[in-house]
Structures are given as structure tokens and as C-alpha cells.
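For reference, the structure is listed below as C-alpha cells.
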Amino acid sequence: MADQNNLKTGDTISLKAGEKTEVKIIGIYEILKPDPVFEGIVTYEKLENQIFIDTDALQNLFGDMPVGFYEAEFTVHDPAQPDSIISEVKGLSTVDWRSFEALADNQTYLDAAAPLQKLQALMSSIIWVIILVSTAIVSLRI
């Protein structure tokens with residue numbers, strides 16, 4: 001979109017929704033490897049035609065209508081500790097926790113861990129059987 005409209009970093013463009021606002025282009029992204037799945041979608045939904053703005057510009061565009069986020073999703077490195085992660089997130093002072101709640105959804109982790117836990121139990125059982133059989137064989141030779 002930037003190439004087709006001769007836009008570059010530092011340019012100012014006008015956006016209009018309910019209201020009109022001016023925004024400064026602070027960066028331009030390029031899709032290096034297009035996904036064929038998105039080839040058949042309408043032009044205005046294509047990633048290369050998207051504009052990312054901050055919440056101040058969004059508020060300017062929609063005037064009195066409340067704007068912001070209704071949901072945020074985070075991926076963590078240690079899904080085994082959801083309670084400590086939720087406590088850390090709830091400690092963020094920049095969030096009005098009267099309007100939001102923090103929930104942990106580690107079901108994907110639990111689904112992936114369950115077969116591994118069963119495999120661990122099976123391996124423990126096999127090791128005990130090997131130890132018992134080995135002990136029996138050694139005691140028969142004595």
C-alpha cells in the first residue's frame with residue numbers, strides 16, 4: 001500500500017471513520033513470504049493493506065465511542081506455573097482491574113503433558129519389572 005500511494009516514513013496521512021484525524025507514518029512493514037491462504041480475500045482485509053495505529057488515534061477517529069481492547073492473549077514460556085504468571089500480570093498497575101480479569105488457559109499444555117506423564121509411568125513400571133526380573137535371575141544363579 002505504501003508503494004502504490006508513494007508513502008514513506010515521516011509522511012502524514014488523513015484517516016476518517018466517525019471523525020477525521022491525521023497520523024504520522026512511523027514505520028512501514030513488508031510481507032516477505034505471502035501466505036497463499038490469503039490470496040482470495042477482499043483487498044481491504046489483506047495484511048499488506050492494514051494500518052496499525054495507537055489507541056489515541058483510534059479514540060480521535062471514533063470520538064465519544066469508547067475504544068480500547070476487549071481481550072489480550074499472552075503466550076508464556078512456562079505454562080506449568082499459571083498461578084504465578086497470573087499474579088505477576090495482576091500486579092501491573094497500568095491496568096484497571098475493575099474492568100478486566102486475568103484467566104489462565106493452560107489446557108493445551110495439559111493435553112500435551114498427559115501422554116508424557118503416562119509414558120513416564122509406563123517407563124517406571126518397565127524399569128521396576130526389569131529390576132525384579134534381574135534380581136530373580138541373579139538370585140537363581142547363586
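From a predicted model like this one, the values you see are computed outputs, not experimental measurements. The residues of the chain are indexed from 1 along the displayed sequence.
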All side chain to side chain donor-acceptor pair (under 3.5 Å) counterparts of Q4, not counting sequence neighbours: none
S125: side chain to side chain donor-acceptor pair (under 3.5 Å) partners, not counting sequence neighbours: none
ILVMFWY cluster, L132 and I126 together (side-chain gap under 4.5 Å): no
Co-membership, hydrophobic cluster, residues I137 and V129, 4.5 Å side-chain: yes
Pairs touching residues 2-35 that satisfy ring-ring contact (aromatic ring centres under 6.0 Å, His included), sequence neighbours left out: Y29-F52
Where at least one partner belongs to residues 119-140, residue pairs that pass ring-ring contact (aromatic ring centres under 6.0 Å, His included), sequence neighbours excluded: none
Residue pairs fulfilling side-chain hydrogen bond (donor to acceptor under 3.5 Å, both in side chains) with at least one residue in residues 115-124, sequence neighbours excluded: none
Point-to-point distance, once rounded to the nearest 0.5 Å, from [atom1] of [X] to [atom2] of [Y]:
{"X": "I130", "Y": "T135", "atom1": "CD1", "atom2": "OG1", "value": "11.5 Å"}
{"X": "L116", "Y": "M123", "atom1": "CG", "atom2": "CE", "value": "12.5 Å"}
{"X": "T21", "Y": "L61", "atom1": "OG1", "atom2": "CG", "value": "5.5 Å"}

Other residues, nucleotides, ligands: >12 heavy atoms within 6.0 Å of Q50 CD: yes
Identify, with sequence neighbours excluded, every residue that meets side chain to side chain contact (heavy atoms under 4.5 Å, CB included) alongside [X].
{"X": "I13", "result": "L7, L15, V23, I25, I51"}
{"X": "A112", "result": "none"}
{"X": "D54", "result": "D56, A57"}
{"X": "D83", "result": "none"}

For residues [X] and [Y], determine if any side-chain heavy atom of one lies less than 4.5 Å from a side-chain heavy atom of the other.
{"X": "I86", "Y": "K90", "value": "yes"}
{"X": "E48", "Y": "I31", "value": "yes"}
{"X": "L32", "Y": "E30", "value": "yes"}

For K8, all residues meeting salt bridge (charged side-chain N to carboxylate O under 4.0 Å, His left out), sequence neighbours excluded: D11
Co-members of I26 in a cluster of I, L, V, M, F, W and Y side chains, linked at under 4.5 Å: none
Side-chain donor-acceptor pair present, E22, S14, cut-off under 3.5 Å: yes
Under 3.5 Å donor-acceptor, W97 side chain and A102 backbone: no
Salt bridge (Lys or Arg N to Asp or Glu O under 4.0 Å) contacts touching residues 99-113 (sequence neighbours left out): none
